[in-house]
Protein chains: 2
Amino acid sequence: MARRRRAEMLEETRAKLIDAARAAFAEKGYAGASMDELTARAGLTRGALYHHFGDKRGLLAAVVDRLDSEMAARAHEIGQRHANAWEGLLAEGGAYIELARDPEIQRIVLLDGPAVLGDPSQWPSQNRCLLATMTTLEALSREGVVKPVDVEAAARLINGAALNAALWVAASDDADVLDRATDAFRQLASGLLALAPSTSPS
Amino acid sequence: MARRRRAEMLEETRAKLIDAARAAFAEKGYAGASMDELTARAGLTRGALYHHFGDKRGLLAAVVDRLDSEMAARAHEIGQRHANAWEGLLAEGGAYIELARDPEIQRIVLLDGPAVLGDPSQWPSQNRCLLATMTTLEALSREGVVKPVDVEAAARLINGAALNAALWVAASDDADVLDRATDAFRQLASGLLALAPSTSPS
DNA sequence: TGATTTGACATACGCTTCGTATGTGTCATT
DNA sequence: AATGACACATACGAAGCGTATGTCAAATCA
C-alpha cells in the first residue's frame, strides 16, 4: 500500500475528528457529547483531540467555523444568481432562513455556539456572512436602491431577523410557516428601500 | 421572634436560590456555575435545590422565566407611554435593545438559555413578550397604519432583530453603536408601514 | 545509513461536578 | 402526644474534562 505523507495523515485525522464532532454535537448537543465516545467513533482517543484542538471548546470552534463557512458560501451563491441586486439580497436572507432549518446548524451554530463561544458577531466566520450582506447593501446604497443607511447596522439586523425566523421555522412543524416567515422578512427588508415599497414587485 | 409560616419560608428559600443562581449564572455562565458553590452562597445545600427545581436545568428555567418576565413588563410599559401606537412599537423595540445590554440578561437569557432550554420562542415567558408585540401590531393593522401583515411572523422577526441588535450593542464598547442599531431598527420596522416611510417623521 | 529529535497520538490519573438515595428534624394533623 | 408529611442536609456513585506522561513512527542530520 502506498505510504501517505505525514501532512496528509494529519489533515485526515483533523477532518475525521471534526466530522465526528459535528455529528455528536448535532445529536447530543455540546454539553451532552462525550469526548471519549466522540473520538472513539472516529477511531481515535482524546489524546488526538487535545493535541489538535486544545480543548473541547476549540473543537466546537472548528466545527462552527466549518458549518458557518458552508452557510455563508451557499447563501452568497444563491444571492449572486439574481441579476437584480435587491432580489439577491432578499434571496440571500431567504437562503439563511432555509439553511438554518438544518438540525445540525440549528443545534451547533445557533444554540450551542453562542453559549460556548460567545456572541456570534465576534466569530471570524460570522463576519464572513456579515461582510457578504454588507457588500450587497453597500452596492444597493450606491445605486440608490436603498436609502442612505448604516450598512453594518442594517446588515446585522437583517441577518438577525433571518436567523431568528429560521429558529421559528425549525421549531414548528407547520409547513406554511416558512412562507410566512419569508414574506414577513421581505416586508421588513423593504423598509430600507428608497422608494415606497410596492406590495408585489415581481 | 415571630415565627413565620411554613409557606413563607418555602417561598423565601426559593427566592434565595433563584437570586443566587441568577448571580452565579451571570458571572460564570450556566456550565461554569457550580451548584455546590451556588447553594452554599445562599446558605443552603444542593438538597434544597433538587427538592425545589428538580435539576440544574429546572433552576435555569426558573431564573430565565423571572428575567424574561421582567423584560416583557418593562418593555411593554415603555411602549404604553406613547400615545402614538406606532411610536410605541418602535419604543418597545428600542427598549428590548437597551434591556439586553444588561450582562445578566445577555448571558442568561440570550446565550445560555437557548442552548440549555431550547428555542426561546417556545418559552412561556417569551410568548408573553411576543404577545405584547403582536397585540400592538394587530391594533396598528386595524387602524391601517401598517399594511395587512402576518402579525405573528412580523412580531417574531421584529423581536428577533431587536434581540440580535442587543447582542451586537452589548458586545461592542462603542457608545454610538446603540444609536446606530436603534436607527437601523426603525428603518427596518418602517417596512411594515402602509404609507411610504418618511425619513424623519417626528 | 544510523543516531537523534520532533511530533502525533495513546494511556493513566486526579479533580470536579452532577444526580440520587438516604437520613433527619420540624411543622401540621388527630 | 403520636404520626405523617414535608423541607432540607448528607453520603455515595458515576461520568466527564483536562493534564501529565509514555510510545512509536517520521523527518533531519552527521
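A note on names: the letters A, B, ... follow the listed sequences, proteins ahead of strands, and every chain is numbered from 1. Basis for what follows: all heavy atoms, side chains included, without hydrogens, waters or symmetry-related copies.
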Quiz item: Between CG of Leu188(B) and CD of Gln187(A), what distance do you get to the nearest 0.5 Å?
Solution: 12.5 Å

Quiz item: Where do Thr133(A) and Ala155(A) come nearest, in terms of heavy atoms and distance?
Solution: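 Closest pair (atom of Thr133(A), atom of Ala155(A), distance): CG2-CB, 3.9 Å.
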
Quiz prompt | Identified side chain to side chain donor-acceptor pair (under 3.5 Å) partner of Gln80(A) from the options Glu77(A), His82(A), His76(A) | solution = His76(A)

Quiz item: Under a 4.5 Å cut-off applied to non-hydrogen side-chain atoms, are Trp86(A) and Thr136(A) in contact?
Solution: no

Self-check item: Leu89(B) vs Leu140(B) side-chain heavy atoms within contact, under 4.5 Å
Solution: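 Counting from C-beta outward, Leu89(B) and Leu140(B) do come under 4.5 Å.
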
Take atom [atom1] of [X] and atom [atom2] of [N], then tell me their distance rounded to the nearest Å.
X	N	atom1	atom2	value
Lys16(A)	dA8(C)	NZ	C1'	13 Å
Glu11(B)	dA7(D)	CD	P	11 Å
Leu59(B)	dT17(C)	CG	P	16 Å

Self-check item: Strand contacts (DNA chain C) in residues 20-43 of chain B, 4.0 angstrom heavy-atom criterion
Solution: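 Hits under 4.0 Å, by residue number: Ala33(B), Ser34(B), Met35(B).
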
Quiz item: Does anything in residues 44-57 of chain A reach DNA chain C, meaning a heavy atom under 4.0 Å, and if so which residues?
Solution: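 Contacting residues: Leu44(A), Thr45(A), Arg46(A), Gly47(A), Ala48(A), His51(A), His52(A).
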
Practice problem: Go through the steps for Glu92(B) and Ile78(B) under the test side chain to side chain contact (heavy atoms under 4.5 Å, CB included), then give the verdict. | Solution: CA-CA 6 Å; Glu92(B) 203 173 309; Ile78(B) 288 179; over 6 Å; no

Could you give the side-chain donor-acceptor pairs of residues 99-107 of chain B under 3.5 Å, partners two or more places apart or in another chain?
{"unit_1": "Asp102(B)", "atom_1": "OD1", "unit_2": "Glu104(B)", "atom_2": "N", "d": "2.9"}
{"unit_1": "Glu104(B)", "atom_1": "OE1", "unit_2": "Arg22(B)", "atom_2": "NE", "d": "2.8"}
{"unit_1": "Glu104(B)", "atom_1": "OE1", "unit_2": "Arg22(B)", "atom_2": "NH2", "d": "3.3"}
{"unit_1": "Gln106(B)", "atom_1": "NE2", "unit_2": "Ala100(B)", "atom_2": "O", "d": "3.3"}
{"unit_1": "Arg107(B)", "atom_1": "NE", "unit_2": "Asp112(B)", "atom_2": "OD2", "d": "3.1"}
{"unit_1": "Arg107(B)", "atom_1": "NH2", "unit_2": "Ala115(A)", "atom_2": "O", "d": "3.0"}
{"unit_1": "Arg107(B)", "atom_1": "NH2", "unit_2": "Asp112(B)", "atom_2": "OD1", "d": "3.2"}
{"unit_1": "Arg107(B)", "atom_1": "NH2", "unit_2": "Asp112(B)", "atom_2": "OD2", "d": "3.4"}

Quiz prompt | side chain to side chain contact (heavy atoms under 4.5 Å, CB included) between Leu59(B) and Leu49(B), intermediate numbers included | solution = CA-CA 8 Å; Leu59(B) 178 62; Leu49(B) 214 161; 3.9 Å; yes

